[in-house]
Amino acid sequence: MSRLAERVANAPSTLRWYTARALSHTVHRAALGHLGEGATIVAPRRLQGPDAISIGAHTLIRENSWLATESGGTLSIGANCYIGHDAHLHAIDRVMIGTDCVLADGVFIASTDHDRENRHAVHGTGPIMIGDRVFIGQRAIVLGGVTIGDGATIAAGAVVTRDVPAGAVVAGVPARPLQHPRGQE
C-alpha cells in the first residue's frame, strides 16, 4: 500500500488536477452546502462541517487547505477565487469572502479563539467580512471581527486585527496602512 500512496503523492500535477475535479463534482458537491459550477478543491487536509460551507463558481482551492465550520458558523467563498496551498479558514462566527479574491499559500482566517479559562473550549470572536478583489499575501492572518474592504491588499505575514478600508494596502504585526486608499488623501 505504501508504494501506491507514494505513486499517488508523486503523480504528475495533471493527474492530481483531474482527480480533484472528479472528486469535486461528486463527493465534494454532495457534502458541501454549495459548490459552484467549475469550482475545484484539490486534496483538502480537512473539510469540517461541510454542510455550512459554500463555494462559488470557478473557485480553486489548492492542496492541503483546511476549511472548517462549527457551532453554527458559516463559511462562504465567492466566485472566481483562488485559495492557496495550506490555507486554513475556520468559522464559528460567519466568515464571508467576496468574489475574485486571492488568498496566497498558508493564509489563516479565523473567527474563533480558545477560552482563557478552559483552553480546550473555543468561542466566536466576531464575523469576518472580506470584500471583492482582495489580495491576502502568504502566511497572513485575519482575526475575528474584521471587515476588509473591496480591492484591499494584505501583505505577506501581516496580522489583521482591525478593519481595512477599501483599496488600502496594509502590512505588519499588527497590520497598519502603507498607503491611503485610492482616491483619499
Side-chain angles (χ1 to χ4, degrees), residues 8-25 27-29 31-50 52-69 73-91 94-112 128-144 146-161 164 168-175 178:
V8 170
N10 292 319
S13 58
T14 54
L15 179 59
R16 286 195 309 267
W17 173 259
Y18 286 113
T19 302
R21 294 284 292 173
L23 284 172
S24 289
H25 290 286
V27 175
H28 297 148
R29 187 174 305 279
L32 295 173
H34 173 75
L35 183 66
E37 183 66 35
T40 302
I41 304 171
V42 182
R45 177 181 302 159
R46 184 163 187 196
L47 295 174
Q48 178 181 335
I53 297 172
S54 174
I55 299 171
H58 307 291
T59 288
L60 172 60
I61 300 174
R62 297 302 308 201
E63 290 91 344
N64 237 9
S65 291
W66 180 350
L67 308 180
T69 65
T74 60
L75 172 59
S76 174
I77 302 169
N80 302 312
C81 289
Y82 173 88
I83 311 296
H85 302 83
D86 299 310
H88 183 172
L89 312 178
H90 202 130
R94 181 175 187 209
V95 173
M96 200 273 319
I97 299 169
T99 61
D100 299 310
C101 292
V102 173
L103 281 62
D105 295 347
V107 166
F108 178 70
I109 297 173
S111 63
T112 66
I128 297 172
M129 307 301 276
I130 298 173
D132 297 334
R133 300 172 319 284
V134 171
F135 176 86
I136 301 178
Q138 189 167 10
R139 306 246 179 273
I141 297 170
V142 178
L143 299 178
V146 168
T147 296
I148 299 175
D150 292 345
T153 298
I154 311 302
V159 178
V160 180
T161 60
V164 176
V169 177
V170 299
V173 180
L178 292 181

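Numbers here simply count residues along the sequence, with the first being 1. Atoms considered below: every heavy atom in the structure, side chains included; atoms not considered: hydrogens, waters and symmetry mates.
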Review item, side-chain donor-acceptor pairs of residues 53-60, under 3.5 Å, at least two apart:
unit_1: Thr59; atom_1: OG1; unit_2: Gly56; atom_2: O; d: 3.4
unit_1: Thr59; atom_1: OG1; unit_2: Gly78; atom_2: O; d: 2.7
unit_1: Thr59; atom_1: OG1; unit_2: Asn80; atom_2: N; d: 3.3
unit_1: Thr59; atom_1: OG1; unit_2: Cys81; atom_2: N; d: 3.1

**Study point:** Candidate pair Asp105 and His85, rule side chain to side chain donor-acceptor pair (under 3.5 Å), full reasoning
**Key:** CA-CA 5 Å; Asp105 295 347; His85 302 83; 3.2 Å; yes
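- The two residues Ala110 and Phe108 make their nearest non-hydrogen contact at CB-CZ, 3.5 Å.
- A side chain to side chain contact (heavy atoms under 4.5 Å, CB included) with Leu75 holds for exactly one of Ile128, Leu89, Ile109; it is Leu89.
- Ile83 CD1 to Ile97 CD1: the interatomic distance, rounded to the nearest 0.5 Å, is 5.0 Å.
- Partners of His90 under the side chain to side chain donor-acceptor pair (under 3.5 Å) rule, at least two apart in sequence or in another chain, are Glu70, His88.
- What you find for Ala171 and Ala158 is that their closest heavy atoms are CA-CB, 4.1 Å.
- Pairing each heavy atom of Cys101 with each of Gly131, the nearest pair is SG-O, 3.1 Å.
- With a 4.5 Å cut-off on side-chain heavy atoms, Val107 and Ile154 do not count as touching.
- Contact annotation: the side chain of Leu32 approaches that of Pro50 to within less than 4.5 Å [non-hydrogen atoms, C-beta and beyond].
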Exercise for review: Dump the intermediate steps for side-chain contact (heavy atoms from CB on, under 4.5 Å) on Ile130 and Ile136, then the final yes or no.
Suggested key: CA-CA 10 Å; Ile130 298 173; Ile136 301 178; 4.0 Å; yes
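- For the residue pair Val146 and Leu143, the shortest heavy atom distance occurs at CG2-O, 3.2 Å.
- Considering Arg46, Arg45, Arg62 as possible partners of Asp86, the one that fulfils the salt bridge (charged side-chain N to carboxylate O under 4.0 Å, His left out) test is Arg45.
- Side-chain contact between Val170 and Ile148: absent, with no pair of heavy atoms (C-beta onward) separated by less than 4.5 Å.
- The side-chain hydrogen bond (donor to acceptor under 3.5 Å, both in side chains) pairs that include a residue from residues 128-141 are Thr99-Asp132, where partners are two or more places apart or lie in different chains.
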Exercise for review: Please report the C-alpha distance between Ile77 and Ile61 in whole Å, then the side-chain angles of each, then the deciding distance to 0.1 Å, and finally whether the side-chain contact (heavy atoms from CB on, under 4.5 Å) criterion is met.
Suggested key: CA-CA 10 Å; Ile77 302 169; Ile61 300 174; 4.1 Å; yes
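- Across all their heavy atoms, Ala52 and Thr69 have their closest contact at CB-OG1, 3.5 Å.
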